[in-house]
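Predicted model only: the values in this text are computed from it and were never measured.
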Amino acid sequence: MSRDWAIDTFSLRLGLDADIQKAKKLARDVGAILLEDPEIGALILEPLKLKGVEQIGDFGIEVSFTFTAVPGNQSLIRRSAQAMIREVFLENGVSFAHPTVQLGTYGNAQGGRGNSLTPTHTQEKHI
């Protein structure tokens, strides 16, 4: 390798109700904790940060994270970061996306079959 550093970027999907500013602060906190880790702290050249929203989809908000590390050590740091992000985000009320499917029956107000496109019964199911 010709460089003394490697940039690693990864994405996670947060719930549609996630507080992005809170997630950014928590990601900085995770980055600081990783820097203090005796095993991987010395391998990190620039700490973890949440770059921002990449896209908003049907099931959640995709956000990207980045850090700079000594080459060849990105996967170790990424795995540690992702595990810690999951733990810290859940502890602080930042939800992750869950694909859902709307199940329902359609009919008229009396419960019979009709031409109405209004659901008479819906149920949300996580997959």
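In this structure a side-chain-to-backbone donor-acceptor pair under 3.5 Å is missing from Lys22 to Gly93. Checked by atom type and distance alone, the side chain of Asp37 pairs as donor or acceptor with a backbone atom of Glu39 at under 3.5 Å. With hydrogens and angles disregarded, a donor-acceptor distance shorter than 3.5 Å links the side chain of Thr66 to the backbone of Asp8.
Closest of all the heavy-atom pairs between Ala27 and Phe65 is CB-CE2, 3.9 Å. Leu34 and Ala81 get closest at one heavy-atom pair: CD1-CB, 3.7 Å. Across all non-hydrogen atoms, the minimal contact from Gly52 to Lys24 is CA-CE, 4.3 Å. The shortest heavy-atom contact between Glu62 and Ser11 is OE2-OG, 3.4 Å.
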### Query
Could you walk me through whether Ile56 and Leu16 pass the side-chain contact (heavy atoms from CB on, under 4.5 Å) check?
CA-CA 8 Å; Ile56 298 174; Leu16 290 170; 4.0 Å; yes

### Query
Where do Leu35 and Phe67 land on the side-chain contact (heavy atoms from CB on, under 4.5 Å) test, with the steps shown first?
CA-CA 11 Å; Leu35 277 174; Phe67 64 88; over 6 Å; no

### side-chain contact (heavy atoms from CB on, under 4.5 Å) between Val88 and Asp29, intermediate numbers included
CA-CA 9 Å; Val88 170; Asp29 294 347; 5.8 Å; no

### Task
Would you please test Ile40 and Asn73 for side-chain contact (heavy atoms from CB on, under 4.5 Å) and show each step?
CA-CA 9 Å; Ile40 63 173; Asn73 298 286; over 6 Å; no

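With rounding to the nearest 0.5 Å, the separation of OG in Ser95 from CZ in Arg13 is 13.5 Å.
Side-chain atoms of Ile85 and Phe10, non-hydrogen and from C-beta on, do get closer than 4.5 Å to each other.
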